[in-house]
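Atoms within a ligand are numbered from 1 in the order they appear, just like the ligands themselves.
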Amino acid sequence: MKKMLVFDMDGTIANLYGVKNWLNDLRNEKVDPYVNAEPLYNMEEMANVLNSVKKNGWKVVVTTWLAKDATKDYDKAVAKAKKEWLIKHNFPVDEIHCLKYGRTKANATRKKAEFQILIDDNKKVRDGWTLGTTVNAEHDIMKFLKSLA
Ligand SMILES: [Mg+2]
């Protein structure tokens, strides 16, 4: 059976909301908060755990929203910043999906695996997930990830 772990980014692995003036910067179409967001976990430990999880047959995916009410150019810049953030922090991702703000996350991977776990800090997004189960990333997710390793 194909299994997929689908990670959100902002507020789940990247501390965007901990960046000073993040909302104001986003409204002014600056990418700095996405670039400068600190990881919410020790990313070396995260990579080790996820590499073990992958050996157990899981694909690691990131499905993330772009900024609210953004122009096309800003969406492009944010998508680039997010991809670079994942590389910079050694996140062992197999697939990245950057969606317009508010889009249904399940549509990005609907036919790609029979069972998909969404890890997301947004309750509304978790409630709309139809492809498997969800993990509330408002709490520490490391223990859960280790249980799959
Ligand atoms: Mg989030």
Side-chain angles (χ1 to χ4, degrees), residues 3-50 53-54 58-110 112-113 115-149:
K3 304 174 287 186
M4 218 169 227
L5 269 187
V6 181
F7 285 84
D8 169 50
M9 277 182 82
D10 307 323
T12 292
I13 57 171
N15 193 11
L16 175 71
Y17 312 122
V19 176
K20 209 176 160 224
N21 296 323
W22 69 272
L23 187 55
N24 208 37
D25 281 354
L26 265 53
R27 284 180 178 151
N28 290 306
E29 308 222 320
K30 290 183 185 166
V31 293
D32 311 48
Y34 292 106
V35 173
N36 298 329
E38 293 290 337
L40 283 161
Y41 296 91
N42 175 330
M43 295 310 264
E44 200 184 316
E45 186 188 13
M46 175 76 79
N48 285 336
V49 172
L50 288 181
V53 171
K54 282 162 79 154
W58 292 86
K59 263 201 159 186
V60 172
V61 176
V62 165
T63 300
T64 180
W65 282 349
L66 298 166
K68 201 174 178 175
D69 303 324
T71 61
K72 236 181 175 178
D73 282 347
Y74 188 47
D75 274 349
K76 239 189 219 172
V78 170
K80 183 171 175 278
K82 282 175 173 277
K83 284 170 190 167
E84 286 171 358
W85 190 95
L86 292 167
I87 293 166
K88 178 180 167 191
H89 295 289
N90 301 310
F91 194 76
V93 67
D94 296 306
E95 259 177 51
I96 304 169
H97 302 278
C98 295
L99 308 185
K100 278 291 254 186
Y101 186 92
R103 291 283 159 84
T104 303
K105 288 195 171 183
N107 287 344
T109 51
R110 189 174 298 284
K112 295 199 166 186
F115 184 67
Q116 304 185 25
I117 301 177
L118 176 74
I119 303 167
D120 203 302
D121 66 315
N122 184 324
K123 187 180 185 300
K124 240 179 125 179
V125 176
R126 292 195 308 275
D127 288 347
W129 189 248
T130 50
L131 309 177
T133 59
T134 62
V135 172
N136 179 1
E138 289 171 299
H139 307 299
D140 193 309
I141 60 172
M142 199 54 97
K143 202 176 157 193
F144 166 74
L145 295 176
K146 283 179 179 168
S147 76
L148 302 177

Under a 3.5 Å cutoff, is there a donor and acceptor pairing between the side chains of N24 and R27?
no
What protein N/O/S atoms lie closer than 2.8 Å to the Mg ion (ligand 1)?
D8 OD2, D10 O, D121 OD1
Can you give each donor-acceptor pair under 3.5 Å made by side-chain atoms of residues 14-23, sequence neighbours left out, with the distance rounded to 0.1 Å?
| unit_1 | atom_1 | unit_2 | atom_2 | d |
| --- | --- | --- | --- | --- |
| N15 | OD1 | G18 | N | 3.2 |

Note: K105-D8 ion pair, threshold 4.0 Å (strictly below):
yes
Are any of the side-chain nitrogens in E138 or K123 under 4.0 Å away from the carboxylate oxygens of its partner?
no
Do D10 and K82 sit within salt-bridge range, that is, some charged N less than 4.0 Å from a carboxylate O?
yes
Check the side chains of D121 and T12 for a donor-acceptor pair under 3.5 angstrom, ignoring hydrogens and angles.
yes
